[in-house]
Amino acid sequence: MSVAELKERHLAATETLNNLKQRLNQTRRSLLDTDVAGYARSQGKNPVTFGPTDLVCCRTLQGHTGKVYSLDWTSEKNRIVSASQDGRLIVWNALTRQKIHAIKLPCSWVMTCAFSPTGQSIACGGLDNVCSIINLNSATDKDGNLPVTRMLSGHKGYISSCQYVPDEDTHLITGSGDQTCVLWDITTGLKTSVFGGEFQSGHTADVLSVSINGSNSRIFASGSCDATARLWDTRVASRAVRAFHGHERDVNSVKFFPDGNRFGTGSEDGTCRLFDIRTGHQLQVYSQKHSDNETHPVTSIAFSISGRLLFAGYTNGDCYVWDTLLAKVVLNLGSLQDSHESRITCLGLAADGSALCTGSWDTNLKIWAFGGHRRVI
Amino acid sequence: MMAISSPKGSGVGSPKAPTLPLPSPKAPPGYPDLYGKRREISRLHMLEREISFLEEELKSSEGFQPASRCCKEIDDFVMAKADPLLPTKKKKSRSSRFWKWLCCTPCSTLCSCLCCCCCCEPRCCDGCSKHLSLPSCSCCQHLRQCSCCKCVTPKSNCCRGSNSGCCKGSCGCQNCCIPPSCKCLSCCSCKCSCSCTCPTCPKLPQSCCCIKSCWSPCCCC
């Protein structure tokens, strides 16, 4: 076949592809008979209302000397690991604010960190293109630092995000600037599967975030600079299960909804969205202009344990608490006392859902919990 | 025949050597652009692959449920699950108490005048709000000291007790002493200006009064 013939076939295939996309979009539109807020209103749902002291800042964790980029809670709810531009990981006792470990990293450009399910190890990665594993029980070196016990090398771009597979200290998933996600076997240090990439159907730009389904750990979602989120099955690395379109700019953050059948996204376009994994429906858009009448990018999101609340951190320091059912902002943690003074970069909910931790460019982490009172039944 | 230019400084009066012809690069040979062809083939394969994925998705979309069913599932799930961060009526659970005690230490008995909206002593808030007719009080700045609060009206009610810790700038109390237990300077910055009478030190002269600290009713001058 000549190059000219190839180009003709290429054009024809592109037209077929566009037609199919149109037909699929039409089918989807016909099935979008309502959104979550419309349904909730039809059911007469009352919005969540917070009193002025209901969600308060209970703790401020001070110690980093640079911007905080990432945080993660342990499963047993009272320890947090944070990663900062100062080149350190700090493991905090969230109850007492004590620093249990302060780990100096060989590469200071760290972008992500995660606790293993047992809390014995931490994974972190960044601009060195390597995901490093640190065992918190290992002996310190002569400088008093915890050594890196395993380096997961192979990505051709920065590590933007990492998460351990639930209940498995030996496997984790990374997202990278090389447009791929990788499932790693930590024991061997080798890649088990590569999702996306040059010869596979996957993201066409940097992957910025990954989230593993808490109900089915074989399923994970990724968000990318290509403005899509994709759903993956770890048993089928050759292609994404589904691509989710809708955002107009980079998808900075993805998080699974607690029921495991939906996931949320936060984007550079200033909106959060809720997608259904089985049908691909975009079920809700969460969008509101800020007090300066501007739209600010969403940096990170988290759902409360019931899914009723969606926490979203923004580049202007706001942290909106969305009522997910009615798509209304019910509180702005950024306007409360003791709020962060700069961009919120990361959010995480404690394992039992009783507290939220936020990390910021102001070098602090803050813990927010319910400070009001409930009537006892 | 190629002309050879003589080297510099070869001598005065040496004959001028003929100059070289200007270079005239030839057009590249007409061999097939294999790299370009392979790239096109690869792109075509990827497109055909995407087409098959979309055809599969289109076929499976015939069985998709409408969005309203998904919304109902979400609604049912959310309403059925307890959430410690939601301000709703619910039975206190162990986990919701977990962060509650972190949030505040038990309110002191000074709740009579001070609004303590920390979650540990809800009756303090109720009593105070009735007393001061406030819809609500903002909570303590430093939750180690639930006695610190920001009352909106009237400021003189803030520091009625002698042990009250005053929040900085919030109460404007003139007669508040810095409690010895107060370690948080931003919380208790009121100066001590109490007067002493030394009633328990009859042997000491009246002039020897409490100077250094209002917590010592008698001290030596």
Side-chain angles (χ1 to χ4, degrees), chain A residues 3 6-7 9-10 13-14 16-17 20-21 23-24 27-28 31-36 39-40 43 48-56 58-59 95 201 239 242 258-259 261-262 276 279 281 283 304-309 324-325 337 352-356 369-377, chain B residues 32-33 36-37 40-44 46-51 53-55 57-58 61-62 64-68 70-75 77-92 95-96 98-100 102-104 117-122 125 136-139 141 143:
Chain A
V3 174
L6 274 171
K7 284 188 176 169
R9 276 185 65 174
H10 191 279
T14 306
T16 306
L17 192 74
L20 282 169
K21 279 182 181 172
R23 281 173 58 193
L24 192 57
T27 307
R28 285 205 182 287
L31 291 169
L32 284 178
D33 50 352
T34 187
D35 60 9
V36 174
Y39 179 83
Q43 300 297 304
V48 173
T49 47
F50 280 101
T53 58
D54 279 344
L55 260 190
V56 294
C58 284
R59 293 286 185 273
L95 311 182
S201 170
R239 53 168 287 199
R242 187 166 282 114
D259 74 350
N261 289 321
R262 266 58 68 165
D276 184 274
T279 58
H281 294 330
L283 295 173
S304 69
I305 202 169
S306 68
R308 184 65 193 262
L309 302 176
T324 52
L325 293 186
Q337 268 182 344
D352 66 351
S354 58
L356 171 79
F370 189 71
H373 65 272
R374 296 187 179 91
R375 291 199 197 116
V376 178
I377 301 169
Chain B
D33 179 8
K37 191 173 178 180
E40 282 300 321
I41 291 172
S42 167
R43 276 191 202 157
L44 188 62
M46 284 191 60
L47 272 176
E48 285 169 350
R49 211 164 160 220
E50 290 293 323
I51 286 170
F53 292 159
L54 275 174
E55 281 170 346
E57 193 166 348
L58 199 57
S61 69
E62 290 165 15
F64 285 168
Q65 61 185 12
S68 50
C70 303
C71 296
K72 183 182 183 316
E73 286 172 4
I74 292 171
D75 194 79
F77 178 86
V78 166
M79 298 314 290
K81 202 158 166 79
D83 194 324
L85 292 178
L86 280 178
T88 51
K89 284 184 195 180
K90 62 182 277 229
K91 202 170 177 179
K92 275 188 187 174
S95 62
S96 69
F98 173 71
W99 276 100
K100 196 182 75 171
L102 291 170
C103 219
C104 37
C117 297
C118 296
C119 50
C120 48
E121 289 288 342
C125 262
S136 64
C137 306
S138 54
C139 202
Q141 291 220 22
L143 299 169

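Being a predicted model, the structure only gives us computed values, none of them experimental. In what follows, chains are A, B, ... by sequence order, proteins preceding strands, each numbered from 1.
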Minimum-distance pair of heavy atoms, taken over all atoms of [X] and [Y]:
{"X": "G353(A)", "Y": "P84(B)", "result": "O-CG, 3.3 Å"}
{"X": "F64(B)", "Y": "L31(A)", "result": "CB-CD1, 3.6 Å"}
{"X": "D83(B)", "Y": "S306(A)", "result": "OD2-OG, 2.6 Å"}

For chain B, find which of [options] contributes the most heavy-atom pairs closer than 4.5 angstrom.
{"options": "T27(A), L325(A), V36(A)", "value": "L325(A)"}
{"options": "D35(A), T279(A), D276(A)", "value": "T279(A)"}
{"options": "T14(A), L356(A), L24(A)", "value": "L24(A)"}
{"options": "L32(A), D33(A), L6(A)", "value": "D33(A)"}

- Message: Need one label for E73(B): side chain, backbone, both or neither, based on atoms under 4.5 Å from any heavy atom in chain A.
- Response: both
- Message: Counting only non-hydrogen atoms closer than 4.5 Å, does E57(B) touch chain A with its backbone (N, CA, C, O), its side chain (CB onward), both, or neither?
- Response: both
Let me confirm one number: the [atom1]-[atom2] distance from [X] to [Y], rounded to the nearest 0.5 Å.
{"X": "D259(A)", "Y": "F77(B)", "atom1": "CG", "atom2": "CZ", "value": "5.0 Å"}
{"X": "R49(B)", "Y": "L17(A)", "atom1": "CZ", "atom2": "CG", "value": "13.5 Å"}
{"X": "L55(A)", "Y": "L85(B)", "atom1": "CG", "atom2": "CG", "value": "6.0 Å"}
{"X": "R262(A)", "Y": "I74(B)", "atom1": "CZ", "atom2": "CD1", "value": "4.5 Å"}

- List for me each residue that meets side-chain contact (heavy atoms from CB on, under 4.5 Å) alongside T34(A), sequence neighbours excluded, and say none if there are none. Y39(A), S68(B), C71(B)
- Item | side-chain contact (heavy atoms from CB on, under 4.5 Å) partners of L20(A), counting only residues at least two apart | T16(A), R23(A), I51(B), L54(B), E55(B), L58(B)
- Task: State plainly whether the residues E40(B) and R9(A) are in salt-bridge range, i.e. N to O under 4.0 Å.
- Result: no
- Is any side-chain N of the basic residue among E50(B) and K21(A) closer than 4.0 Å to the acidic one's carboxylate O? no
- Item | P87(B) side chain near T49(A) side chain, heavy-atom distance below 4.5 Å | no
- Query: When you measure from the side chain of H10(A) to the backbone N and O of L47(B), does any donor-acceptor pair fall under 3.5 Å?
  - Reply: no
